Every structure is written in structure tokens, then in C-alpha cells.
2 protein chains.
Amino acid sequence: MSTESTVPAAAGEDSDRRRQFLIDLYGVMAYGELSAFERFSSDARFSPTLHDRAAVGRLAVTEFEHFEAVAAQLEQLGVDVESAMAPFQPSIDAFHDRTRPADWYESLMKAYVTDGVLGDFYLHIAGALDDETQKLVARIKENTEQISMIAARLKQVLADDPRLSSRLALWGRRLVGEALTQAQRIGIERAVLSELMRGQDPDRQAQATEELFAQLTKNHSRRMNDLGLTA
Amino acid sequence: MSTESTVPAAAGEDSDRRRQFLIDLYGVMAYGELSAFERFSSDARFSPTLHDRAAVGRLAVTEFEHFEAVAAQLEQLGVDVESAMAPFQPSIDAFHDRTRPADWYESLMKAYVTDGVLGDFYLHIAGALDDETQKLVARIKENTEQISMIAARLKQVLADDPRLSSRLALWGRRLVGEALTQAQRIGIERAVLSELMRGQDPDRQAQATEELFAQLTKNHSRRMNDLGLTA
């Protein structure tokens, strides 16, 4: 796939904006995947069984493979992967520092919540781009199987120890709050969200942002309900 | 590849011993790879640059892919992967607990030393098995590219900060000592090494073990020399 095929040919300023938009989107995704890989693989060691260790390790490795896929896209754009990721490092690191799982169950819940919310967020942003980029982001963020696997394990864990329910429900609320704060900060800092509403008047921009976050919250609530937890 | 093709058909006791031998070999390799994956990926986060984080992440993921390849072999033998790994968990965990890297440089050196020594160890053990198993172990432990990459980065690091030399040389000696102790313990505990010399008289067995460890130490010294360090 050539650079031309992922960035629609357009002349001048518009083309430059679109290119920067793509670089930002891939940059934040790349750093998000790389750091998720490191966090999940570190947590894998504390899994209750060897089977879980292998399963969580596989989740972490999938995140790394996504990182490599996004990094390949940046390289195709002729962009240094490190430079593209660097602007997003402070806010993503801060997110992880504020959401350190206390144990393996919280780590699994963190994977479930953040993969869900961020997946929706990136897919929504990609929706403002051409079909080909949308398909690419969808392929990279395609994690239905992964989310189903985590959901199944969480349901089992909650059935085995019902006392976990209130703790994990509380943790889920904290996680979604932090994830949405992170998404908003990324939008403000890098103009990704405002770029998304580019060309629209300021009132409409605010409304569109509100609608997006309402949708992300709604999808999150549905996923929590799937586990039998109150969002 | 069928089970029959990896375990040569042989009747009775000899076949049972060979089967247990293979299960032990794959079990120790599987747990070794899984735990190496977790340790290296945790350490990746402390890499000095984003480029190093991605490179060390790739090393960790390669270990996980090796784990998956060995686990697939165990499944082909009709063996539960968890049960095959379990006997080796205490000694491998103890090895990691005794060799916690103080920083990223020590983590990189640990990868270099242990991948080298354990690779030689497994290849030697596989040498007592049929051609097909040997090829399989060689393919899984094939890490020339990985070792070269680590060596190149270590050389660069040592050139940038020559004061690291004595610390990393000391660390390398401690690592090889612990790795050889671990290899010996595995041999004693699971009869892998003695199985290797099966059918030979006790004097010859002791001599063969000594020769093996002398060879492992010699190869390690060569790898340390490659870095310009004294083993």
C-alpha cells in the first residue's frame, strides 16, 4: 500500500492538515498500544493461573502487533515513529499512573474498559477520514474477539467471587472517567477532536463533542451491563 | 505435523521415557519463554528511548511466540501445557528473583547472557533426540538475529559510557553463574541431564556433565568477549 493510497491527494493547506491529522491519529494509537503492551504484560505475571498468564500474555502481544501495524503506517508516511508518538507520551503515561491496578482482576477490567472506550474513540475519529483509512483503523482496532475473551473471564471471576462485583464496578467507573479525560485532553492538546469538526461553527463543535462523549459513555455502560455490573 | 512424526515410534518403557523426556524439555522451555516474555516486557518500559522500548518489546514478543510454538508441540503430544510447565516454575522463578536487573542496561545484558546460555543448553539436550526434534528445538531457539541486535545495542551503550563496563562485566559473571546453577538444578530435579547420558556408566555421566558445562561457559566467554568485556 503506497502513501498515496492512504492519504487522499489534495493540494496545499488541506492536504497538510490531513497529513498532520493522520500522523497525530497514528501517533497516539502507536504510543497507546506500546504502553498497553508493557502494562498488560507486566501484569500477566500476577495472573492466578498459568493458563491466565498465557492468555493475558497473548492480549499483550496482540497490542504489540497493533503497535507494529500503526508504526508501519507512519513509516509509509515517511514519518519517524518516535517523533509521532512523543507528543502523546505525557498524557498516556499520566493515565496509566492514575489507574494502576491493585491486582490481576483490576488489570483485566482495565483492559476491558480501556480497549472498549479507546477503540470506539479511534473509530469515531477515523470516521472523519477517507474509507481506506477507516478500514485500516477498524482492522487495527478490531478487538471483538479480545473483548469477548476478557468479558468471559471476568464473568467467570465475578461468578466465583461475588464480593468482587462492587469493587470492580467502582473501578470501572474510575477507569472510564480517566479514559474520557485522557481522550478529551488528547483532543484539546493536539486539535484532533477540533480537526474532526473542522469547518463547522463553534456551537456545533461543542455539541458534536458532547454527543461523542455521550456515545462513548453509553457503549461503556452496555459493556458493563454485559458483565452484570452497574456502570 | 503429527505426534508420530516428532516422537519416534518405539514400544514399551523406552517409548515412555522418551515421551517424558520430550514433555520435560518442552515444559521447561515453555515456562522459560513465558517468564522471559513477562520480565523483558516489564523492563521495556524503562528503556532510555522510545526506539529502545519498541526494540525490547519486540524481543519480548519473540519470546512469547516461542512459548506459543513450544505449547503447540505439547498440545500435539496430548499434554496439558500448564501441567508440563508447573514442575519448572519454582526454579525458574527463583532464577529471576535472584537476577533482578537494577536498570535497563542490566536487563539488556540479562537477555544477552541467558538467551545465549539457555539456547546452548536446550540445543545440547535436543542433540540426544531424533533429527526432527533437534530441528524443531533449533528453530524455536534460533535467536542469532536477536542476540546480534542485543550485542550491537550493548556495544553502543558501552562505547557511550565506558564506566558501565566493569558493572556489566560483573553482572554478566553473576548471570552466567545463576543460569548454570538453574540448568544443573533442572537436570537434577527432572532427570533431564541424566536421561541425556542414559545407559552410560556413572563416571562417564559425571564427565559428560562437566564437559557440557565447560562448553556452555566457553561459549558465554566468547559472547562476553564479543562485547569487549572479560567473562
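A note on names: the letters A, B, ... follow the listed sequences, proteins ahead of strands, and every chain is numbered from 1. Because only heavy atoms are used, hydrogens play no part in the values below, and waters and symmetry mates are left out as well, while side chains stay in. All figures in this text were calculated on a predicted structure; none of them were measured in a lab.
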Could you list which of [range] have a heavy atom closer than 4.5 Å to any heavy atom of chain A, in residue-number order?
range: residues 37-46 of chain B; answer: Phe37(B), Glu38(B), Arg39(B), Ser41(B), Ser42(B), Ala44(B), Arg45(B)
range: residues 107-116 of chain B; answer: none
range: residues 94-103 of chain B; answer: none
range: residues 55-66 of chain B; answer: Gly57(B), Arg58(B), Ala60(B), Val61(B), Phe64(B), Glu65(B)

### Task
Pick whichever of Glu68(A), His51(A), Arg53(A), Met85(A) has the most heavy-atom pairs under 4.5 Å with chain B.
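Sorted descending by pairs with chain B, the first entry is Arg53(A).
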